There are 2 protein chains.
Amino acid sequence: MLLRAAEVSCAENGARLTERRRQVLSVLMQSSSPLSAYEVLDLCNLSTTSAMPAMSVYRILDFLEQQLLVHRLSTSNKYVSCAHIACDHKHFQATHFLLCEGCSSVEEVDATQEASDALEQMAETVGFKLTTQQFELSGICTTCQNSAGRGL
Amino acid sequence: MLLRAAEVSCAENGARLTERRRQVLSVLMQSSSPLSAYEVLDLCNLSTTSAMPAMSVYRILDFLEQQLLVHRLSTSNKYVSCAHIACDHKHFQATHFLLCEGCSSVEEVDATQEASDALEQMAETVGFKLTTQQFELSGICTTCQNSAGRGL
DNA sequence: CATAATATGATATAAAGTATCATCTATGTT
DNA sequence: AACATAGATGATACTTTATATCATATTATG
Ligand SMILES: [Zn+2]
Ligand SMILES: [Zn+2]
Ligand SMILES: [Zn+2]
Ligand SMILES: [Zn+2]
């Protein structure tokens with residue numbers, strides 16, 4: 001199970017996946033689209049009796065982000081669970097996110113060498129040396145392309 | 001003068017560059033780094049006697065953005081004046097922004113064909129069809145690279 | 001158990017952004 | 001000039017988002 005894998009992943013870093021953290025991560029994993037901190041909060045408070053304060057959500061999201069269990073989308077200030085919690089995938093190279101304008105779904109993809117090179121090159125021409133790159137690209141996913149094509 | 005060019009540019013779209021709008025644009029043009037809406041507000045209210053309400057700043061920033069006189073950086077929720085107000089440059093292709101982590105300066109550059117192609121290709125492999133692309137790339141500008149190298 | 005380190009709760013406050021309606025100003029018409 | 005209209009700004013209130021701070025609880029460790 002995904003949560004179990006996340007727990008192991010945390011343990012490897014000497015961190016704990018507590019109940020609250022598990023709850024937040026779970027909410028994100030069950031969402032098909034990115035969620036804001038307050039959206040996460042509301043969803044958490046649907047399921048539990050003891051209401052979680054906003055402060056906790058922010059803290060926990062920071063924690064989960066550090067553990068690479070969730071990613072933060074800076075263009076929208078929202079969070080998504082990592083697509084590679086269960087698998088052995090590591091975030092070696094840059095990670096990009098494809099955001100569907102139709103259904104708000106997100107796809108996490110690794111940067112291709114070509115894309116990284118081309119961007120590095122582009123920056124180079126004005127003397128910039130790139131450090132981090134994480135792109136959030138807007139577009140239309142396969143599903144939405146098909147539905148649109150059939151007039152749905 | 002830049003403001004004059006901006007005025008002409010507005011007029012071509014049947015819009016007016018009013019005093020308030022000129023004030024906001026002027027603040028952004030004088031800044032070497034991107035400014036948040038409230039930073040713009042504060043700077044505006046330094047120079048004038050009649051305080052501008054926050055609402056106006058948001059409205060005016062929206063207006064200036066539509067006129068392509070300023071650009072909004074979605075990763076930081078800040079604004080920069082367009083680098084091409086005076087020249088005849090048009091925003092034909094995608095525009096990217098290089099953000100220096102050292103001095104917070106911004107460089108507005110046109111997308112290269114190679115970069116656009118590589119990203120499009122990358123998205124293609126998972127069935128995504130990209131729509132807009134405006135990237136905000138972090139890095140180190142020439143000036144900061146040099147100062148760092150000399151231990152300054 | 002005692003202690004320290006982590007994690008969470010609770011409360012208050014700050015910052016950012018929006019809604020709404022009133023007022024003013026430019027522009028064009030009679 | 002008087003009027004009507006659209007566009008722009010002022011003013012106020014409010015919502016949403018995010019942070020600061022200190023108290024309490026939980027967990028690990030000797
Ligand atoms: Zn990931
Ligand atoms: Zn879709
Ligand atoms: Zn521009
Ligand atoms: Zn620099």
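Proteins get letters first, then strands, A, B, ... in listed order; numbering begins at 1 in each. Not measured: the values here are computed from a predicted model.
When the side-chain nitrogen and oxygen atoms of B/S56 are compared with OP1 and OP2 of D/dG10, one or more of them lie within a distance under 4.0 Å.
For the segment residues 4-31 of chain A, the set of residues with a heavy atom within less than 4.0 Å of an atom of DNA chain C comprises A/R16, A/T18, A/R20, A/R21, in numerical order.
Between B/K129 and A/Q145, some side-chain heavy-atom pair lies under the 4.5 Å cut-off.
Other members of the cluster containing B/M122 are A/L98, A/V109, A/L119, A/M122, A/V126, A/F128, A/L130, A/F135, A/L137, B/L98, B/V109, B/L119, B/V126, B/F128, B/L130, B/F135, B/L137, with ILVMFWY side chains joined at under 4.5 Å, either directly or via other members. Clustering of Ile, Leu, Val, Met, Phe, Trp and Tyr side chains at separations under 4.5 Å leaves B/V8 isolated, with no partner residue.
The separation between B/N45 atom CG and D/dT9 atom P is 14 Å, rounded to whole Å. Protein atom CE of B/M52 is 18 Å distant from nucleotide atom C1' of D/dT12, rounded to whole Å.
Using a 4.0 Å cutoff to heavy atoms of chain A, the contacted part of DNA chain C runs 5' to 3' from C/dT6 to C/dA10.
B/E7 and B/R22 are joined by a salt bridge, as a carboxylate oxygen and a charged side-chain nitrogen come within less than 4.0 angstrom of each other.
Within the structure, salt bridge (charged side-chain N to carboxylate O under 4.0 Å, His left out) contacts touching residues 62-79 of chain A (residues at least two apart or in different chains) are A/E39-A/K78.
Taking the six-membered ring for Trp and thresholds of 30 and 60 degrees, B/H71 and B/H91 have ring planes more than 60 degrees apart, a perpendicular arrangement.
Nearest heavy atom pair, residue A/L25 against residue A/A6, reads CD2-CB, 3.6 Å. Contact between B/A51 and B/N45 at its shortest, heavy atoms only, is CA-OD1, 3.5 Å.
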Would you tabulate the nitrogen or oxygen pairs shorter than 3.5 Å linking the protein to nucleotides 13-19 of chain D?
from, atom 1, to, atom 2, distance (Å)
D/dA18, OP1, A/N77, ND2, 3.3
D/dA18, OP2, A/Y58, OH, 2.6
D/dA18, O5', A/Y58, OH, 3.2
D/dA18, N7, A/Y38, OH, 2.8

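Of the listed residues (A/M29, A/R4, A/Q67), just one forms a side chain to side chain contact (heavy atoms under 4.5 Å, CB included) with A/I85, and that residue is A/M29.
Between the side chains of A/Q134 and A/T95, no donor-acceptor pair is found at a separation under 3.5 Å.
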